[in-house]
Amino acid sequence: MPIEATDDKVELISPENPNTKVSVLLYGATVTSWTIEGVEQLWLSSAAKLDGSRPVRGGIPLVFPVFGKSSAPGFDQLPQHGFARNSTWELLGQIRENPPTVQFGLGPEQANKEVYSKWDNGDNDFTLLLTIELKPDALTTTIEVTNSDSKPWKFNWLFHTYLAVNDIDDTLVNNLPGETCYDQLLAETYEEKAPAIDFNGELDRIYQNVSCEKLLQVIELGKVVHNVERRNLPDVVVWNPWTKKAAGMADFEPKDGFHKMVCIEPGHVHDFITLEPGESWTASQIIRKGDAIKLQAI
Ligand code: BG6
């Protein structure tokens, strides 16, 4: 204590409250559950595969080295969202007792060979270091990407976070008006005019270059349910599959489960980051409890 490791997963348990804990699958280093005093904060499909047969539907899958599908040279053979979410990471160990903090690593040796070989023909030497820290009121996930190669290469990063909500019909996401948005469903770029994002159908948008000073809040019936802070993650994908898309995903259950989730996905996806040999890039997502509504104009 306060961490418990088995062959396929690790649990971090808060020394302050045994019902505040986070569970991380080695497969994808995917956070599959995070509870605060027994209340689940993330959404996980009841049909999610946790056996390594496919990326986990729910929790916090990790997206690297490409977001979505790309036709860019070196990325065009990769499946959607790359290979970090379908590789088995190595548990490097616990680096702090309190707050409980663990690290996971992934390099070419651990990476899912079949998928990794599709990124620049499997020719890029890289090191990913994921640090997960559990505080009584917050979960921080930090990624460090290092170029261990003798040539530069490029990548995207994104935390594909499925946040739990009580009812998507009552849910708003604030602090995005005025931001540039690429709507993946319309294939159009526009300026967000709505004072807050609401949900009444499938929604799949990339908000680009949103200042990390901006807090993103998920608000239900006037109450803040999640605060999402970002460090060095300028883009925010907001996604809800709604009825038809959920129906088409075999691992999305229950089918009306889209009422219980919203994906707020901090990343760097509007362009590729280039890392020179020996260089590193670091970024964090912090999801925090907190009641105060904070409105930040552009
Ligand atoms: C989101 C994308 O990040 O991930 C969506 O914006 C996509 O377009 C969704 O549908 C889920 O992707 P996947 O590969 O997990 O089904």
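Remember, it's 1-based here, ligands and their atoms both numbered in the order they're listed. All residue numbers refer to positions in the sequence shown, counting from 1.
- Within the 3.5 Å criterion, the main-chain N or O of Pro108 finds a donor-acceptor partner in the side chain of Lys113.
- For the residue pair Tyr190 and Asp183, a side-chain donor N or O sits within less than 3.5 Å of a side-chain acceptor on the partner.
- Relative orientation of the Trp153 and Phe155 rings is perpendicular, given thresholds of 30° and 60° on the angle between their planes.
- If you look at ligand 1, the protein residues with a non-hydrogen atom under 4.0 Å away are Arg57, Phe67, Gln80, His81, Arg85, His160, Gln184, Asp204, Val237, Trp239, Lys245, Glu265.
- Counting heavy atoms from C-beta outward, Thr30 and Trp89 have side chains that stay 4.5 Å or more apart.
- Aromatic rings of Tyr182 and Tyr207 (six-membered ring for Trp) have centroids beyond the 6.0 Å cut-off, not under it.
- The ring pair (Phe, Tyr, Trp, His ring centres under 6.0 Å) contacts involving residues 123-144 comprise Phe64-Phe126, Phe83-Phe126, Tyr116-Phe126, Trp119-Phe126, where partners must be two or more places apart or lie in separate chains.
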